[in-house]
Every structure is written in C-alpha cells, then in structure tokens.
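Read the structure below first, then the notes.
Whatever order the structure lists them in is the order used to number ligands and atoms, beginning at 1.
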Amino acid sequence: MKIVLDRPRCEGHGLCEEAAPQLMHLDDEGELVLDSEQVGEADAAAAHAAVRVCPVAALRIV
Ligand code: SF4
C-alpha cells in the first residue's frame with residue numbers, strides 16, 4: 001500500500017498530519033512532506049483516516 005499526494009491540490013491544512021503523524025508532517029514552509037510513501041499494515045488505518053480527513057482530496061491510497 002502506498003500513499004500519494006497530489007501536491008497542487010494540497011492547501012496545507014495539516015489535518016492529515018493530525019490523523020497520521022507517523023506518516024506525514026508539514027515542514028517549516030507549510031508544505032506537506034510524506035515521511036514514507038510506503039504504508040505498512042500497522043499504519044493502514046491512520047493512512048485511510050488521513051485520506052478521509054483531507055478537505056480537498058489531495059491524498060489517495062494506491
Ligand atoms: S489535509 Fe489535505 S490539504 Fe491539508 S495538508 Fe493534508 S493533504 Fe494537504
């Protein structure tokens with residue numbers, strides 16, 4: 001499982017970071033950084049939560 005960011009869509013709300021802080025964070029400029037595109041089973045629920053919570057649908061799981 002992989003998490004993919006559509007960067008032009010991302011508005012830096014950071015809600016995804018709250019849902020999955022182990023997978024992503026906002027950098028000092030407010031740009032979202034995926035710490036790892038590969039998502040293990042242990043983080044699958046958090047990854048799905050991050051996708052659901054994004055208000056502009058900038059994240060998806062493939
Ligand atoms: S919640 Fe969506 S818009 Fe906000 S930082 Fe995450 S991916 Fe970007």
With atom 1 (S) of ligand 1 as the reference point, say which of C10, A20, C16 has the nearest heavy atom. C16
From E18, E17, E11, E31 - option closest to atom 3 (S) of ligand 1 by heavy atom: E11
Sub-4.0 Å atoms of ligand 1 with respect to non-hydrogen atoms of [X]:
X: L59; value: 7 (S)
X: L32; value: 6 (Fe), 7 (S)
X: V56; value: 3 (S)

Measure across [X] and [Y] and return the closest heavy-atom pair with its distance rounded to 0.1 Å.
X: R7; Y: E31; answer: NH1-OE1, 3.2 Å
X: P21; Y: D35; answer: O-OD2, 4.2 Å
X: R9; Y: V56; answer: NH1-O, 2.9 Å
X: A46; Y: A19; answer: CB-O, 3.8 Å
X: G12; Y: L26; answer: O-CD1, 3.8 Å

Just to confirm my output: which protein heavy-atom neighbour is closest to atom 2 (Fe) of ligand 1, and how far is it? C54 SG, 2.2 Å
Could you tell me the residue and atom name of the protein heavy atom closest to atom 5 (S) of ligand 1, and the distance to it rounded to 0.1 Å? G14 N, 3.2 Å
Do L23 and L34 have side chains that get closer than 4.5 Å, going by heavy atoms? no
Atom 6 (Fe) of ligand 1 to nearest N/O/S of H13 less than 2.8 Å: no
